[in-house]
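Note sheet for the following structure.
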Amino acid sequence: MAEIQDLPEGCIADILSRTTPLDACRFSLISKTFRSAADSDAVWNRFLPSDSNFIDSIISQSPSLANIPTKKALYLALSDRPIIIDSGKKSFQLDRKSGKKCYMLAARSLSIVWGDTDQYWTWIPLPDSRFPEVAQLCDVCWLEIHGMINTTLLSPNTQYAAYAVFKMIEPWGFQNRPVELSVSVEGGHSSTTNVCLDPIVEGTPHPRVVGLQSPSVRTDGWLEIEMGEFFNSGIENEEVHMNFMEIKGGNWKRGLFLEGIEVRPKEDN
């Protein structure tokens, strides 16, 4: 280790820039020289998305980011909380550990069958949502929601997963009917899974939902459930389609509050 510390700070910075943000923070604890190198713009500029126009676009939609003095501080700001973009229809964030791009598509950016019919869906603000409004399911027998994101928005060479993000408040109609979730890449990989969307099934579960995946609670208090995963090579310009459906049972459903669909790097198990 003494030999490495004898290297010029610029060489150490170049080495650290080829690791990960998490590794750079760990190496900064070795010595003052490593700390100085690990905090340098040369290192953190490599961890930010390589397209400078992309970063400029994000900053233009969040003016508070414009005066951040260092690349490390900018990285931490982009990974600390979601940045609302596209007129409130998406949020963007960097994964803190890897620097990979994460997005959430707001409910308003999704295609919801009968979503603009007050009898079936309403749009309301919720204080703990990142978006101005969420979609409240009032009563439908045909639940059909579609989302789409282009792979060019995402980080290359990355395994991604899509997650439905929602709340259940006095739900009805979900305790005994599986919901079909699917993710497909246009012209390529596709996957479909049945899940139980109701987080609390009292008593003996209905045979239709026994053993099915159920939602988990996020750190922000919302529920989420994985819809599927896909690999983004970064080579192709492809559309990823994410579907959320219950159209077979014919039973009426209510009590779902949909915030959106989040697309983020798949964590290693």
> So Lys100 and Leu154, side chain to side chain contact (heavy atoms under 4.5 Å, CB included) or not? Walk me through it.
Replying inline: CA-CA 8 Å; Lys100 304 287 188 177; Leu154 304 173; over 6 Å; no

>> Could you tell me if Asn232 and Thr158 have a donor-acceptor pair between their side chains, going purely by distance under 3.5 Å?
In response: no

>> Looking at Cys102, is its backbone amide N or carbonyl O close enough to the side chain of Asp95 to form a donor-acceptor pair, meaning the two atoms are under 3.5 Å apart?
In response: no

> Between CD1 of Ile59 and CZ of Phe54, what distance do you get to the nearest 0.5 Å?
Replying inline: 10.5 Å

> Between Ile169 and Phe257, which heavy-atom pair has the shortest distance, and what is it?
Replying inline: CB-CE1, 3.5 Å

>> Whether the side chain of Thr151 engages the backbone of Glu238 through a donor-acceptor N/O pair (distance < 3.5 Å, no angle test) should be reported.
In response: yes

>> Under a 4.0 Å threshold between the charged nitrogen and the carboxylate oxygen, would Arg177 count as salt-bridged to Glu246?
In response: no

> According to the ring-ring contact (aromatic ring centres under 6.0 Å, His included) rule, which pairs have a member within residues 148-167, sequence neighbours left out?
Replying inline: Tyr160-Phe230

> Which heavy atom of Trp123 sits nearest a heavy atom of Glu133, and at what distance?
Replying inline: CB-OE1, 3.5 Å

> After noting the C-alpha distance and the side-chain angles of Asp116 and Arg108, does the key distance pass the salt bridge (Lys or Arg N to Asp or Glu O under 4.0 Å) rule?
Replying inline: CA-CA 10 Å; Asp116 292 322; Arg108 268 298 185 193; 3.4 Å; yes

> Which atoms form the tightest heavy-atom contact between Phe174 and Leu143, and what is the distance?
Replying inline: CE2-CD2, 3.9 Å

> Between the main-chain N or O of Gly173 and the side-chain N or O of Gln175, is there a donor-acceptor pair closer than 3.5 Å?
Replying inline: yes

>> Check whether Asp41 reaches the backbone of Lys71 with its side chain - one donor and one acceptor, N or O, closer than 3.5 Å.
In response: yes

